[in-house]
Amino acid sequence: MATTEPSAQSGVESGPESGAGPETRQGIGVSPGTAYGPVVQVAPPVRPPADEPPVDDQEAALGDVKAAFEAVAVSLEERATRVEDTAQQILKATALIARDKGLVKAAAKQLEAGKGRAGAIAGAIEQYAAQFEALGGYFAERVADLRDVGSRAVAAVLGVPAPGVPHFTDPSVVVAEDLAPAETATLDRALVVGIITEAGGRTSHTAILAAQMGIPAVVQLAGATTLEPGTHVALDGDTGEVTIEPDLELVEQQRARAARRTEALGRLSGAGATSDGLAVALLANIGGVDDAVAAGALDLEGVGLFRTEFVYLSATKAPTVEEQTQIYRDVFAPFEGRRVVVRTLDAGADKPLKFADLGPEENPALGRRGLRLSAERPDLLDAQLEALAIAARETGADVRVMAPMVATAEEAAWFARRVRENGLPKAGVMIEVPGAALRARDVLGEVDFGSLGTNDLAQYTMAADRMQGALSDLLDPWQPAVLDVVGIACEGARTVERPIGVCGESAGDPLLALVLVGLGVTSLSMAPSKVPVVRLALSLHTEAECQRLAQIARESRTAVDAMGAVREAASSELTDLL
Amino acid sequence: MATRTVTIASSVGLHARPAALFVEAASNTGLDVEIAKPGEDPVDATSILGVMALGAKYGEEVVLTAEGDGADEALDSLVALLSRDLDAE
């Protein structure tokens, strides 16, 4: 249901305290701060009895089902009156789900098919849950809300107590498979010192509400629901670390470390640079207008990767120049006087466009995608470049355009010419094909800049499909082979005096960022929330120290060794905070 | 039967808060209102689950239809609602 976090730490025991002693597990920190307390397990959802018989009187049964949904809606609305703004909206929206006519209709069909009352409710809910999970992303994360409604309605129709948080009186860490909004919203923040869930994601309700309520939270912690109630745990909502039965000294250390981190990150601001003054631009990765507005308000130097797919993917016909101009204007406006690096359309057989489908392919990752699609449909590229040029002129943002999936110098030259013909001043290419990295001198010689897409570069260097979760160790950006390819690309860029950035997940890992700078990378583009810690990492090292870290990483035999050795050699002032 | 086509102005698309506000407004008309993506099957505009599962994103067009007295006025008010960025309000 939720996506797995691409982790720079795969295969590595986390935390400086690993080894003997209390067990530390790694989740994803979604609400900052540390917490320590006994575990309270949230009562699991109520499920229909396995042997529930079919009903005799379908009409009466449907009446009971309706009444159960209505009771859930009423109780949610009643709770909505007792909480604050965001929580109130979520509870009201959940009440709307409970009143949905579609659910009652689906439950009626289930009754006809021979289900009992509770089974009909659960069946109707699962029908919608399957639809939402298939839609993915935001919708998949709403499935928790939907199942919460179902579980409450099942409890109501069976006449048993509603699922949820049990009554407790000591300050505790609340642990659940996934907290439903109704549960999160009504938590007593005087009693709930922390939240841990086994499922969930960065944008799940748990994450949003916990951050708003100021309760430290970790999601996607494996085995969370099997923790014995009463077990003491310590959690760090920044790093995602959870320690089971820690000694009190560790708890105090963790608390002090989190406080030091907050203090250290708050001390710095402005442009990124090493301690001896080598400038490294700190930039954001964005994928739409709302991302742009959010990132534009932050202390960062611009956008290093604006993915434009959203403009196309849901459209049934090619978006016009006017439609695109409007969107790009909204994206660029928050960045007047700052740079915005735009990646042109990156679609292919795995991200097909309704209006430019070149047909199915055996190997979409190696097929007609990115610039290769633009070569088949230059009309699409020209319309995009024209719209980008107009929006750039109107907003005063420093717009630079780059093409994805470039493999050769000819392709780079072809793209650069089209960019300039459309009146845009700066053209670049993504370096994500190993061939282009090896020949960066020739490829970048044709354009103004390069940007390393480390996720795809790792996929192609290690011949490991990014969609294959089981291959995540091969895709570790610390793989020495990947670092070698990055290093070679940087040498090529240096030869022709072109700037080269990184816009993959690896740019947001503070230790790996130092290695990348040591290899010759001149800008780092990442999730905006990672910028402060990367700024701090840079400020604690000289250019020569970064180069030494890069050398240490490349001399390592394995990804795990590389990360361990760099961690060991980096400034303890930094590693002490991680 | 009254019909309108409108482009979704909410930056998050027609889900979350914008979907809830739209469904509430559609229910308040007291009419049978349907919503569809162009060329696709319509769904009941008073069903939050149906509207969310439509998956209408920012900048996409949707077609609204309604029948009965006051259908034109009702659709005009729903069009006005969808033309605003509801998530920003």
Side-chain angles (χ1 to χ4, degrees), chain A residues 73 85-86 89-106 124-125 127-139 141-143 145-146 149 181 203 205 208 288-294 310-317 319-320 323-324 326-327 330-331 354, chain B residues 5-63 66 78 81-89:
Chain A
D85 196 38
T86 305
Q89 281 175 24
I90 290 171
L91 288 172
K92 279 188 179 166
T94 312
L96 264 184
I97 293 179
R99 280 226 176 80
D100 201 293
K101 283 183 276 182
L103 277 177
V104 175
K105 276 186 207 153
I125 292 284
Q127 210 173 305
Y128 280 100
Q131 261 186 52
F132 278 31
E133 274 174 350
L135 285 167
Y138 174 90
F139 295 97
E141 290 183 348
R142 299 286 83 75
V143 168
D145 311 1
L146 190 55
V149 166
T203 58
H205 276 310
I208 295 164
V289 177
D290 41 347
D291 286 357
V293 171
F310 82 101
V311 177
Y312 297 87
L313 284 181
S314 54
T316 45
K317 55 187 194 315
T320 65
E323 285 164 354
Q324 293 192 56
Q326 177 58 47
I327 297 172
D330 291 347
V331 170
K354 289 191 182 117
Chain B
T5 301
V6 56
T7 304
I8 303 294
S10 290
S11 51
V12 298
L14 193 52
H15 50 64
R17 187 170 135 77
L21 290 173
F22 171 74
V23 167
E24 244 182 330
S27 307
N28 288 341
T29 64
L31 300 172
D32 282 339
V33 185
E34 290 191 321
I35 180 170
K37 287 194 183 175
E40 293 181 17
D41 286 337
V43 299
D44 182 351
T46 65
S47 160
I48 181 90
L49 295 170
V51 169
M52 282 173 69
L54 201 62
K57 301 191 182 63
Y58 170 78
E60 282 191 328
E61 286 189 342
V62 291
V63 180
L78 292 175
L81 186 74
L82 292 181
S83 305
R84 304 195 327 246
D85 185 353
L86 298 167
D87 201 53
E89 292 175 9

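Since the structure is predicted, the reported quantities are computational estimates derived from the model, not experimental observations. Order of the sequence lines sets the chain letters (A, B, ...), proteins ahead of strands, with each chain counted from 1.
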Output the distance between atom [atom1] ([X]) and atom [atom2] ([Y]), rounded to the nearest 0.5 Å.
| X | Y | atom1 | atom2 | answer |
| --- | --- | --- | --- | --- |
| A:Arg99 | B:Thr46 | CZ | OG1 | 12.5 Å |
| B:Leu54 | A:Gln131 | CG | CD | 10.5 Å |
| A:Gln326 | B:Thr7 | CD | OG1 | 11.0 Å |
| A:Leu146 | B:Ile48 | CG | CD1 | 11.0 Å |
| A:Ile125 | B:Leu49 | CD1 | CG | 7.5 Å |

Within 6.0 angstrom of B:Asp32 CG, more than 12 heavy atoms from elsewhere |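 At most 12 heavy atoms, drawn from other residues, nucleotides or ligands, come within 6.0 Å of this atom.
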Please tell me if the side chains of A:Asp100 and B:Val23 come closer than 4.5 Å, counting only heavy atoms from C-beta onward.
->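 No; the side chains remain at least 4.5 Å from each other.
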